[in-house]
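Taking it in order: structure first as structure tokens, then the write-up.
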Amino acid sequence: MQQDLHRFIQQVGPQLAPGAVNLALVTDTHDLTHWRQSLYGPSGYWHVLEQHWLVEQLPITYRVHLGDLVDGSEPGFLTQWRLKNIVADFAASAEPFIITRGNHDDNDKFAEKNRRFVGSFPVQVFDRLVFSPERAQDGISVSEHGLVVADTDFVRVIAVNTSDVPARWINGRKNYDVKKTLAVTAGQLRELAQALATAESRDILIVSHAPAMNRRGKPALKYNGQALHNLLRAFTHRLKGTVMLGDNPDFGGEVPFDFSATAGDLIAVLAGHYHVEADYLVNGIHYSLQNVSALMGRRHALTTKYNRTWNRQLNTPTEYAGYVVSVDPPSRSLQIFGYGAASPERRFIY
């Protein structure tokens with residue numbers, strides 16, 4: 001690992017502009033206690049430790065995890081233990097960290113196997129284990145709905161919680177399976193509208209577990225994906241108005257916004273979830289997907305075609321995948337450097 005990352009550092013370090021905002025990014029580590037040779041396992045936690053070693057060698061502004069920290073397929077006490085380990089490593093780093101919530105992080109994959117949905121977490125568990133230590137950092141804010149905001153002089157990074165699901169127990173069973181319900185509520189969209197409106201002249205980098213829109217230009221969230229996308233469109237056009245969400249009791253409502261006084265631009269939306277790499281435009285908004293950090297062996301039925309092509313194997317550089325994302329406002333450039341099962345370099349002008 002150190003030999004591979006040392007080569008990566010030697011290649012990438014000289015390309016990071018002085019003063020750029022640099023993110024060390026992993027997503028979908030799907031950490032487990034149970035060892036599996038073809039799909040996930042304790043190597044998910046190893047890849048967090050490897051990122052920790054990487055950030056000590058490069059000028060990193062933020063350590064970032066885009067969700068699915070854990071696979072959520074083991075008894076709750078084990079999943080909570082794995083979550084605590086990962087967050088403890090992020091908190092031990094000298095660099096501030098940004099973590100958003102994935103659809104596996106509430107342990108609903110394990111609960112799906114049980115008739116009474118036993119083992120699923122209440123929404124307070126992720127808040128206690130992850131968001132609370134995250135909001136305890138200087139310069140990082142985490143809202144009631146899990147919207148994370150971090151500022152530099154010229155860039156505002158906003159992490160959107162795409163598992164913003166008001167799950168409740170009704171007659172002993174959870175009303176939403178969070179693993180299967182990607183969504184944002186009106187409350188979080190109002191928080192996002194405020195975060196965008198108060199960014200002043202800063203450029204905006206959005207990160208989330210799942211993107212609002214897929215490559216076909218269709219909503220990628222079960223609830224309010226189109227509304228989230230429309231709010232970002234309104235920001236890019238400096239508009240003022242209201243997004244109407246309908247009358248669903250959990251996901252409906254109104255989101256007023258006023259972006260007429262903002263001066264910054266939207267850089268891109270970085271996401272994971274789909275276990276592929278992709279870059280695509282929807283209404284001029286750049287969506288960029290990053291590959292799963294955890295191992296996806298070629299022979300497993302869940303492995304994506306993208307990762308089968310990599311033929312990922314343990315004890316080789318394809319075992320992991322991660323990125324350094326560099327934003328340089330003066331040159332208006334977004335660079336994404338990948339290691340392991342990832343594209344070595346992607347460059348964009350925003």
Side-chain angles (χ1 to χ4, degrees), residues 27-48 65-88 99-133 144-146 161-185 188 208-210 220-225 248-251 272-275 292-297 299-304 307:
T27 185
D28 295 85
T29 45
H30 285 272
D31 187 48
L32 287 164
T33 60
H34 179 67
W35 181 254
R36 300 173 185 173
Q37 297 228 343
S38 61
L39 188 81
Y40 311 150
S43 56
Y45 177 57
W46 301 350
H47 303 330
V48 172
H65 198 305
L66 295 187
D68 282 359
L69 289 78
V70 291
D71 191 50
S73 58
E74 297 182 302
F77 75 96
L78 291 177
T79 298
Q80 290 194 45
W81 174 47
R82 306 305 289 187
L83 275 173
K84 290 177 182 177
N85 286 343
I86 291 173
V87 175
I99 301 176
T100 191
R101 190 175 171 195
N103 60 306
H104 279 252
D105 291 328
D106 285 277
N107 218 45
D108 285 8
K109 184 176 178 180
F110 173 81
E112 288 169 355
K113 305 172 187 176
N114 298 283
R115 186 172 59 86
R116 302 297 290 176
F117 223 68
V118 175
S120 176
F121 296 157
V123 294
Q124 297 91 336
V125 171
F126 193 84
D127 186 86
R128 173 173 55 85
L129 295 180
V130 182
F131 285 151
S132 289
E144 175 186 355
H145 291 273
N161 173 17
T162 54
S163 291
D164 181 19
V165 180
R168 302 176 298 277
W169 268 262
I170 300 175
N171 297 324
R173 188 169 180 86
K174 207 172 185 180
N175 62 334
Y176 291 105
D177 184 336
V178 177
K179 184 172 78 70
K180 298 178 179 178
T181 311
L182 293 164
V184 290
T185 60
Q188 187 180 181
S208 60
H209 177 64
L221 310 184
K222 187 170 184 178
Y223 297 101
N224 293 333
N248 184 295
D250 288 324
F251 299 102
H273 181 64
Y274 282 109
H275 298 190
V292 51
S293 295
L295 176 72
M296 292 195 82
R299 292 182 174 87
H300 202 284
L302 295 178
T303 299
T304 60
N307 281 286

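Heavy-atom basis, side chains included; hydrogens, waters and symmetry copies ignored. For this chain, numbers begin at 1 and follow the sequence in order.
Scanning both residues, P133 and V87, for their nearest heavy atoms gives CG-CG1, 3.9 Å. Nearest heavy-atom pair, D105 versus V70, reported as atom, atom and distance to 0.1 Å: OD1-N, 3.2 Å. Residues S38 and H300 approach most closely at OG-CD2, 3.6 Å, considering heavy atoms. Across R82 and L32, no two heavy atoms sit closer than the pair NH2-O, 3.5 Å. Contact between S73 and R36 at its shortest, heavy atoms only, is OG-NH2, 4.0 Å. Closest approach of R116 to R173, counting heavy atoms only: C-NH1, 3.9 Å.
The distance from the NE2 atom of H209 to the NE2 atom of H65 is 9.5 Å, given to the nearest 0.5 Å. To the nearest 0.5 angstrom, N107 atom CG is 3.5 Å from T79 atom OG1. Distance check, rounded to the nearest 0.5 Å: CG of L66 to OG of S293 gives 8.5 Å. Atom CG of residue D68 and atom NZ of residue K179 lie 9.5 Å apart, to the nearest 0.5 angstrom. In this structure, the separation between CZ on R168 and NZ on K174 is 11.5 Å, given to the nearest 0.5 Å. Rounded to the nearest 0.5 angstrom, L182 CG and D164 CG are separated by 11.5 Å.
Residue W81 places its CH2 atom among 12 or fewer non-hydrogen atoms of other residues, nucleotides or ligands, all under 6.0 Å distant.
Taking the six-membered ring where tryptophan is involved, the planes of F251 and Y223 are essentially parallel, since the angle between them stays under 30° and well short of 60°. Below 30°, between 30° and 60°, or above 60°: for H30 and H275 the angle between ring planes is above 60°, a perpendicular geometry.
Across I99, D31, L129, a single residue satisfies side chain to side chain contact (heavy atoms under 4.5 Å, CB included) together with L69, and that is I99. Residue V165 is tested with V184, T181, D108, N103 for a side chain to side chain contact (heavy atoms under 4.5 Å, CB included); the sole match is T181.
With hydrogens and angles ignored, the 3.5 Å screen pairs a side-chain donor or acceptor of N114 with a backbone N or O of F110.
R101 has a carboxylate O that lies under 4.0 Å from a charged side-chain N of D106, or vice versa, which qualifies the two as a salt bridge.
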